[in-house]
Amino acid sequence: MKIAEVIVDVSAYPVDRPFDYLIPDEMEELIECGCRVKVPFGARNILGFVVGIKNDTDVPPDKLKPVSSLLDIEPVLTKEMMELAKWMKNETISYEIDCLQVMIPSALRAKYEKMVVLETDAENLEEPLRTVFRRTTKANYKELEKQNLLIPLKKALKEKWVSIETVVKQKGTIKEIRKVKISEDKDFLQKVYENLSNRAKKQKQLLLWMQQHAGEIIEPEVIYRKTDSSPQVLQAVIGHGAAEFVMEEVYRNPFKKDVGKTDFFTLTEEQEKALQPIVDAMDNHSPETFLLHGVTGSGKTEVYLQAIQHCIQQGKEAIVLVPEISLTPQMTNRFRSRFGELVAVMHSGLSIGEKFDEWRKVHHRKVKVVVGARSAVFAPFENVGLIIIDEEHETSYKQEDSPRYHARDVAIWRSKYHRCPVILGSATPSLESYARARKNVYKLLTLKERALKQSLPSVEIVDMRKELKKGNRTMFSEKLAEAIRGRLEKNEQIVLFLNRRGYSSFVLCRDCGTVMQCENCDISLTYHRYNEKLKCHYCGYEQPVPAICPLCGSDHIRYFGTGTQKVEEELTKLFPGARVLRMDVDTTKRKGAHERILEDFGAGKADILLGTQMIAKGLDFPNITLVGVLSADTSLHLPDFRAAERTFQLLTQVSGRAGRAEKPGEVIIQTYSPEHYAIQFAKAQQYEPFYEREMLMRHEADYPPYYYIALVQVSHEDLLVSAEYAKKCADYLRSRLSFNASIIGPTTAGIVRLQNRYRYQCLIKYKIEPNLIPTFLQLMKIYRTDWMKKGITLTIDLNPTMI
DNA sequence: GTTCACTCTCAG
DNA sequence: TGAGAGTGAACG
């Protein structure tokens with residue numbers, strides 16, 4: 001008797017453990033750990049992952065059910081992934097099934113469909129169902145619902161004429177194309193040739209060619225082209241048995257264009273010095289973590305590329321993580337031009353099918369390198385030799401919802417499993433990582449010079465308070481306007497960066513001061529010009545712009561704030577001839593829009609690129625000589641202890657966009673707080689002094705990297721209930737954690753009301769707290785068994801990126 | 001997360 | 001008494 005241990009596809013606390021199923025004899029030879037199976041669970045048939053196979057079970061035989069079917073001939077999860085999931089589940093306080101699900105492409109995740117199954121003769125049914133079931137014995141429940149057939153359906157159910165069944169659907173489709181397989185038998189081909197009448201000239205011609213290519217499998221289009229024949233001719237020849245159609249699996253190719261091949265650059269002395277320890281670590285199979293700190297333009301990517309080259313030469317595989325927004329064709333082409341077909345690319349811009357294909361390339365070892373966003377850290381290689389995380393400080397490496405994993409932590413776990421090094425690269429490392437490097441937990445590698453020896457761009461700060469005093473009410477200081485004008489004359493390109501976070505256009509009544517707010521959240525609505533609507537960026541609520549103030553009835557409604565649209569308007573007013581490209585959420589919604597804008601800009605089709613966060617990274621165009629930051633302050637005053645760090649990182653990244661080739665670059669930063677250290681050090685482009693200064697702040701307030709933090713958040717429709725349970729959390733944590741841990745709160749969350757739920761939170765600061773994870777698991781248990789039914793939601797976020 | 005079974009309530 | 005709504009336990 002063979003028993004499979006199965007993790008079922010149900011995210012709930014009481015079923016977050018393996019269930020035993022009997023393996024039917026016919027599956028015994030096929031089933032393996034890591035395969036997906038369909039299993040009966042309660043009244044339903046659902047998907048599950050086999051995580052173990054054993055010979056006996058404690059489950060009484062009358063309760064044991066058999067696996068209903070096997071979905072994979074080869075496992076979709078490696079043994080490593082199953083171990084990793086067990087670790088992740090504790091590390092992130094989440095369900096094992098959710099951890100397993102993030103590791104596979106969404107095409108392989110189950111989709112369930114409710115079907116109505118006919119249980120009697122269709123003629124016994126009443127109209128209108130009779131008509132439906134004359135055609136089929138299984139009907140889609142949703143379809144019937146759409147046709148308003150729920151009332152007759154209910155009756156039929158009661159009479160047991162039909163039953164309801166959930167079926168597991170698979171989304172992933174393997175794309176196949178039709179090819180032609182030419183017969184291997186040359187004599188036979190000759191015979192067919194001779195039997196043809198002389199009138200069949202084209203067929204004869206085709207057969208002659210086929211004799212040269214006996215046994216080959218060729219795309220029909222190629223045959224038509226080479227032999228000047230047509231589908232009809234080919235069809236006729238196939239009719240004579242000289243060839244046959246075969247279906248062949250193909251991988252969709254999401255890359256539109258082919259890229260040329262590029263060679264390796266000779267490394268600078270500095271780059272060489274950085275590469276050597278990484279190569280050594282690979283040779284010694286040492287799971288070290290390196291922090292590669294290199295100024296913008298110092299050629300970190302070239303170091304990565306050569307490290308990967310070494311990795312491939314060792315016969316191993318490499319994983320490269322890049323933030324989603326910098327996964328542009330420009331970026332991925334650097335890898336493809338170096339390693340060609342050996343690269344798979346994974347990012348959110350691909351369709352489900354394309355993602356599935358890229359994943360299969362990895363799964364079937366067709367590639368040696370994966371370049372991708374966060375989830376690519378789970379690439380199912382079995383012989384990993386190197387993991388690289390570029391722009392290590394980026395917050396997008398942390399998943400915002402459960403399982404709340406950090407790609408860096410997963411990478412380090414995997415590096416220990418495979419005994420291979422990890423490279424964390426950044427021009428502005430996170431304080432956590434830099435502190436670890438200082439303590440020799442990570443090995444620090446530094447690149448101080450720009451690779452082409454260009455000087456760093458000159459950075460200037462403009463005090464906007466003085467501009468206002470001078471009577472300049474536009475959002476462009478004289479200095480910046482002057483600089484823009486200069487570039488336009490010289491035909492050089494300009495990037496304008498608008499740090500829009502928490503500072504988008506809102507609508508205000510000038511008489512009573514009311515700001516239009518979201519009905520569900522404590523957030524002011526954002527004005528969208530293109531459809532004249534007010535929108536909540538948190539819950540998606542939308543309403544038209546009111547003509548009169550809903551509070552006082554005044555018609556003095558005004559738009560405030562600085563959205564990219566508004567800047568664009570002013571720009572065109574100020575510089576009538578300038579060609580402006582705007583890049584923000586609105587203009588990049590459509591698939592491929594992002595790439596197109598960058599391509600256009602790169603091709604010189606515009607003078608000014610105006611955008612938000614998303615233009616801070618990866619832009620590498622030689623003709624950009626001016627970068628303007630319209631307002632540096634907005635991210636500075638966010639209620640988050642990392643606000644200064646974020647601002648510094650952002651300004652440094654943006655500045656790095658200027659003067660990447662021969663022409664020197666200039667950066668102008670406009671701010672209302674020119675004296676702030678984050679801005680001053682960004683101007684000086686000095687990471688170290690900023691680090692020292694910021695560390696002082698963190699030390700004083702007991703924040704990371706000195707302490708770890710965890711955030712427990714409670715929400716409920718009722719403010720008081722929410723507060724009450726947040727207090728319960730705090731009390732519970734205080735009773736179980738040591739005196740070294742401090743529990744702050746409960747306090748209200750940054751945005752108290754979100755989607756009509758009131759939110760409270762507790763912040764836990766700790767250093768070494770062996771009891772922390774067990775305490776959280778216990779708290780989660782109390783919540784899941786007791787509080788959940790009262791409508792409370794509780795989330796625990798370890799090492800949150802924002803508080 | 002769903003489902004089924006059990007309890008409770010209310011109308012007939 | 002039976003149907004409909006509301007909770008709770010169990011899922012192998």
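We name chains A, B, ... by the order of the sequence lines, and we start the count at 1 in each one.
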Expressed in angstrom and rounded to an integer, what is the separation of [X] atom [atom1] from [N] atom [atom2]?
X	N	atom1	atom2	result
A:Tyr21	C:dG12	OH	P	5 Å
A:Ile46	C:dA10	CD1	P	18 Å
A:Tyr13	C:dC11	OH	C1'	16 Å
A:Phe41	C:dA9	CZ	C1'	12 Å
A:Asp9	C:dG12	CG	P	15 Å
A:Asp20	C:dC11	CG	P	13 Å
A:Asp786	C:dT7	CG	P	15 Å
A:Arg784	C:dA10	CZ	P	19 Å

Backbone of [Y] reached by a side-chain donor or acceptor of [X] within 3.5 Å:
X	Y	value
A:His363	A:Glu358	no
A:Tyr397	A:Leu321	yes
A:Glu5	A:Asp20	no

Practice task
Please list, in 5' to 3' order, the outermost nucleotides of DNA chain B lying under 4.0 Å from any heavy atom of chain A.
Solution key: B:dG1 to B:dC4
Practice task
Rounded to the nearest 0.5 Å, what's the gap from NZ on A:Lys114 to CZ on A:Arg44? Could you check?
Solution key: 10.5 Å
Problem - Ion pair A:Lys2/A:Asp25, N-O distance below 4.0 Å - result: no
Practice task
List in numerical order all residues of residues 49-59 of chain A for which some heavy atom is under 4.0 Å away from an atom belonging to DNA chain C.
Solution key: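 Per residue number, the list reads A:Val59.
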Exercise for the section: Please say whether the positively charged group of A:Arg17, taken as NZ for Lys or CZ for Arg, lies over the ring of A:Phe19, i.e. under 6.0 angstrom from the six-membered ring centre and within 45 degrees of the axis. Expected result: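 Yes; both conditions hold, so A:Arg17 lies above the ring face of A:Phe19.
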Problem - Pair A:Thr793-A:Ser715, side-chain donor/acceptor within less than 3.5 Å - result: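 Yes, side-chain donor-acceptor contact under 3.5 Å.
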Problem - Polar side chain donor-acceptor pair, A:Tyr112 to A:Asn45, under 3.5 angstrom - result: no
